[in-house]
Colleague: 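Take a look at this one; I'll ask things after.
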Amino acid sequence: MFFKYISTSWGIAILSWRKDKVTRFILPQVKEEQALSLLNHVLSSTKEELVQKNTSPFLDLEWEIQQYFKGKPVVFSTPIELDSLPPFTQWVLEATATTPWGDITTYQEIAKKIGKPTATRAVGRSLGSNPVPLIIPCHRVVGKKSLGGYSLYGLRWKLLLLGLEKANYPSDFNVSVPE
DNA sequence: ACTCGATGTCTTA
DNA sequence: TAAGACATCGAGT
């Protein structure tokens with residue numbers, strides 16, 4: 001698997017890929033080492049070799065990511081490698097990908113959309129394993145009466161991304177972030 | 001405002 | 001294959 005650092009106005013992100021498909025994305029960090037250690041963390045169960053490159057086959061996507069962090073409404077169109085994920089997770093992520101910039105949806109709505117209306121909790125669980133945060137906008141999925149979660153990066157990140165998109169959620173939301 | 005049961009899927013052993 | 005985890009929800013108190 002290959003990876004490349006991407007500098008954005010928010011910090012240094014990482015894009016990784018295999019063959020010609022994107023496999024992972026790491027949200028921007030202050031230092032390269034921090035981003036790399038996050039990548040290693042999410043890959044901890046795999047033994048695949050990791051090779052750094054200076055260029056990627058995804059120029060459009062790199063540009064879109066940089067635009068995103070400048071606050072531009074970006075539509076990501078690059079295909080993502082989801083084949084290795086469990087089917088349910090694929091359905092959840094595909095449904096989530098259709099949520100437009102600046103909009104929000106709920107765990108329940110995603111559950112309905114994939115034909116499993118009572119599987120709302122399972123939806124949250126699957127979103128937690130999204131390999132490409134931002135590109136598949138899992139931060140736009142919230143609970144019915146609360147923000148929900150943002151497992152690896154924490155709720156602060158979810159709020160930052162929603163804030164950047166000027167998304168408005170109901171004012172009675174509990175948006176307090178635990179430290 | 002808080003607890004608790006039902007819920008579907010995934011991971012690990 | 002069984003147990004435990006989980007980014008939910010709604011009803012009951």
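To find a chain, count down the sequence lines: A is the first, B the second, and so on, and within it residues start at 1. Only this structure's heavy atoms are used, side chains among them; waters, hydrogens and symmetry mates stay out. Everything numeric in this text was worked out from a predicted model, so none of it was measured.
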Colleague: State, to 0.1 Å, how close A:Val92 and A:Ile114 come at their nearest heavy-atom pair, and which atoms those are.
Modeller: CG2-CD1, 3.8 Å
Colleague: Calculate the interatomic distance between A:Lys145 atom NZ and C:dT8 atom C1'; express it in whole Å.
Modeller: 13 Å
Colleague: Between A:Glu81 and A:Lys19, does at least one N-O distance fall below 4.0 Å, as a salt bridge requires?
Modeller: no
Colleague: Go through DNA chain C and write down every stem, that is, every run of at least three consecutive Watson-Crick or G-U wobble pairs with distances under 3.5 Å, as range with range.
Modeller: B:1-6 with C:8-13, B:8-13 with C:1-6
Colleague: Evaluate whether atom CD of A:Glu48 has more than 12 neighbouring non-hydrogen atoms of other residues, nucleotides or ligands under 6.0 angstrom away.
Modeller: yes
Colleague: Has the side chain of A:Tyr150 got a donor or acceptor atom sitting under 3.5 Å from an opposite partner on the base of C:dA7?
Modeller: no
Colleague: If only side-chain N and O atoms count, and only distance matters, is there a donor-acceptor pair under 3.5 Å linking A:Ser56 with A:Glu62?
Modeller: yes
Colleague: Side-chain N or O of A:Lys144 versus OP1/OP2 of C:dG10: is the shortest distance under 4.0 Å?
Modeller: yes
Colleague: For residues A:Tyr68 and A:Glu165, is any side-chain donor paired with an opposing acceptor at under 3.5 Å?
Modeller: yes
Colleague: Please write out the pairs of protein N or O atoms and N or O atoms of nucleotides 8-13 of chain B separated by less than 3.5 Å, giving the distance to one decimal.
Modeller:
residue: B:dT9; atom: OP1; partner: A:Lys116; partner atom: NZ; Å: 3.2

Colleague: When the distance from OH of A:Tyr107 to C1' of B:dT7 is rounded to whole Å, what number comes out?
Modeller: 16 Å
Colleague: For A:Glu109 and C:dT8, give me the distance from atom CD to atom C1', rounded to whole Å.
Modeller: 14 Å
Colleague: According to side chain to side chain donor-acceptor pair (under 3.5 Å), does anything in residues 109-133 of chain A pair up with another residue at least two apart or in another chain? List the pairs.
Modeller: A:Thr89-A:Ser126, A:Thr98-A:Lys113, A:Thr105-A:Glu109
Colleague: Between A:Trp10 and A:Phe69 (judged by ring centroids, cut-off 6.0 Å), do the two rings come close enough to count as a pair?
Modeller: yes
Colleague: Please determine whether side chain to side chain contact (heavy atoms under 4.5 Å, CB included) holds for the pair A:Thr106 and A:Val141, giving the CA-CA distance in whole Å, both sets of side-chain angles, and the decisive distance to 0.1 Å.
Modeller: CA-CA 5 Å; A:Thr106 65; A:Val141 187; 5.7 Å; no
